[in-house]
Structure formats: C-alpha cells, structure tokens
Amino acid sequence: MIEARKPTVLAVHADGGITVGVEGMDGNTPVTVLVRLPANLDRNAAKVEVVIPERLVSMSVDGRGFRHAIGSEGRLWTDRNGEWVAMEVGTERLYGLRCLEDKVFVVGEEGLRLQIGRAHV
C-alpha cells in the first residue's frame, strides 16, 4: 500500500489541466504519485496516472505537451505518451528543470547544464 500525502511538484498543461506529484512511501521506498486533474479541477475526475519510484523535485511541460521531471536520484523522467522513461544524467544532484518548445534544460551540481533536444527525449 502506498501512502502519499505531501504535494511536491506541479505542471500546468496547455488545456488548463494540471498534473500534481504527491510524495509518498511504498514501504521503505520513496515514491511520487502523479495525479492528473482536468481544466475545471473537478476532484471527482482526478486520475492517478503513475507511481514514479523516487521523489520528484521539479516538473515541466514542453511545447508539445510532453511532461518532464527530475528526481531526487539524479534522473530525468520523460512521459512518452503515458509511459514514463528515466534517463541518467551523470550526477545525483539536479536542481532545476525548464522546458521551452521542444527542448529540455536541466541544471545540477558542479555547474552541470544540459540541453536536451527533441531527438533525444
């Protein structure tokens, strides 16, 4: 059983809907439960989409509507049409994420700066 109570990340979609990441635990494993709400924020229409097996610290939506997130374990997570895929980026400490059009920008420890274009994500 997953216990999730603390909202930690939020992404706003072009259609006005939102994705909320709620931090929780699955036994002794930290997880983030992603919940999608429609534009009218009707809680009855809220849908649990996926459980990510780490804490997410930042999330953003690119110009194509794909969601991207960075996790506490140094991974960049990308939603590929409902299937979340993790990519290691070379450091465990990631601090920020921003999406513009079809590019994803990630910053991390020791001056790490990544720009990931459409072909890679």
Side-chain angles (χ1 to χ4, degrees):
M1 177 179 193
I2 296 173
E3 185 173 321
R5 296 184 179 182
K6 180 181 174 188
T8 57
V9 292
L10 174 76
V12 179
H13 301 269
D15 67 1
I18 62 171
T19 297
V20 177
V22 183
E23 183 180 295
M25 297 294 287
D26 185 5
N28 292 327
T29 305
V31 298
T32 301
V33 178
L34 294 182
V35 178
R36 179 77 186 260
L37 289 116
N40 65 4
L41 303 181
D42 178 4
R43 291 187 337 179
N44 295 323
K47 175 183 159 193
V48 172
E49 291 188 309
V50 69
V51 176
I52 303 291
E54 70 180 282
R55 290 184 177 106
L56 296 182
V57 296
S58 183
M59 186 169 30
S60 187
V61 180
D62 69 20
R64 300 165 293 159
F66 293 116
R67 294 170 292 179
H68 306 275
I70 55 174
S72 60
E73 302 297 319
R75 293 182 195 94
L76 172 64
W77 290 86
T78 298
D79 175 14
R80 294 187 178 167
N81 295 318
E83 179 183 345
W84 284 83
V85 178
M87 179 175 75
E88 301 289 334
V89 295
T91 181
E92 288 186 12
R93 292 192 182 140
L94 300 175
Y95 301 125
L97 166 78
R98 178 76 171 154
C99 296
L100 297 171
E101 300 303 322
D102 62 350
K103 293 181 178 60
V104 179
F105 300 90
V106 177
V107 294
E109 70 181 342
E110 298 180 19
L112 174 75
R113 293 179 295 160
L114 295 174
Q115 176 182 331
I116 302 166
R118 181 178 190 160
H120 299 96
V121 178

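Heavy atoms only: backbone and side chains are in, while hydrogens, waters and symmetry mates are out.
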**Request:** Would you sort out whether Leu94 and Val57 count as a side chain to side chain contact (heavy atoms under 4.5 Å, CB included), showing the intermediate values?
**Result:** CA-CA 8 Å; Leu94 300 175; Val57 296; 5.5 Å; no

Shortest non-hydrogen separation from [X] to [Y] and the atoms involved:
{"X": "Arg67", "Y": "Thr19", "value": "NH1-OG1, 3.0 Å"}
{"X": "Val61", "Y": "Val12", "value": "CG2-O, 3.7 Å"}
{"X": "Ala46", "Y": "Val35", "value": "CB-CG1, 4.0 Å"}
{"X": "Thr8", "Y": "Leu56", "value": "OG1-O, 3.7 Å"}

With clusters defined by side-chain heavy atoms of hydrophobic residues (ILVMFWY) lying less than 4.5 Å apart, directly or transitively, does [Y] cluster with [X]?
{"X": "Trp84", "Y": "Val51", "answer": "no"}
{"X": "Ile52", "Y": "Ile70", "answer": "no"}
{"X": "Phe66", "Y": "Leu76", "answer": "no"}
{"X": "Val104", "Y": "Val85", "answer": "no"}

**Prompt:** Among all residues two or more places apart in sequence or in another chain, which pass the salt bridge (charged side-chain N to carboxylate O under 4.0 Å, His left out) test with Glu73?
**Reply:**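 Per chain and number, Glu73 pairs via salt bridge (charged side-chain N to carboxylate O under 4.0 Å, His left out) with no residue.
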
**Message:** For Arg55, give me all partners under salt bridge (charged side-chain N to carboxylate O under 4.0 Å, His left out), at least two apart in sequence or on another chain.
**Reply:** Glu23

**Message:** With a 6.0 Å cut-off (strictly less than), is the heavy-atom count around CD of Glu83, excluding the residue itself, greater than 12?
**Reply:**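 Not more than 12 within 6.0 Å, no.
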
**Message:** Tell me if a side-chain donor or acceptor on Glu54 pairs with a main-chain N or O of Ser72 at a distance below 3.5 Å.
**Reply:** yes

**Prompt:** Pick from Asp79, Asp15, Asp42: which one makes a salt bridge (Lys or Arg N to Asp or Glu O under 4.0 Å) with Arg36?
**Reply:** Asp15

**Prompt:** What do the steps show when you test Leu34 against Met59 for side chain to side chain contact (heavy atoms under 4.5 Å, CB included), and what is the final call?
**Reply:** CA-CA 11 Å; Leu34 294 182; Met59 186 169 30; 4.0 Å; yes

**Request:** Could you tell me the separation between the CG atom of Asp62 and the NZ atom of Lys103, rounded to the nearest 0.5 Å?
**Result:**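 That separation rounds to 11.0 Å.
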
**Between CG on residue Leu37 and NE2 on residue His13, distance to nearest 0.5 Å** =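 Between Leu37 CG and His13 NE2, I get 9.5 Å after rounding to 0.5 Å.
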
**Asked** In chain order, what residues pass the side-chain contact (heavy atoms from CB on, under 4.5 Å) check against Ala86, with sequence neighbours excluded?
**Response**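 Listed in chain order: Arg75, Trp77.
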
**Request:** Take Tyr95 and Glu109 through the side chain to side chain contact (heavy atoms under 4.5 Å, CB included) test and state the conclusion after the steps.
**Result:** CA-CA 7 Å; Tyr95 301 125; Glu109 70 181 342; 3.7 Å; yes

**Request:** Check the side chains of Ser60 and His68 for a donor-acceptor pair under 3.5 angstrom, ignoring hydrogens and angles.
**Result:** no

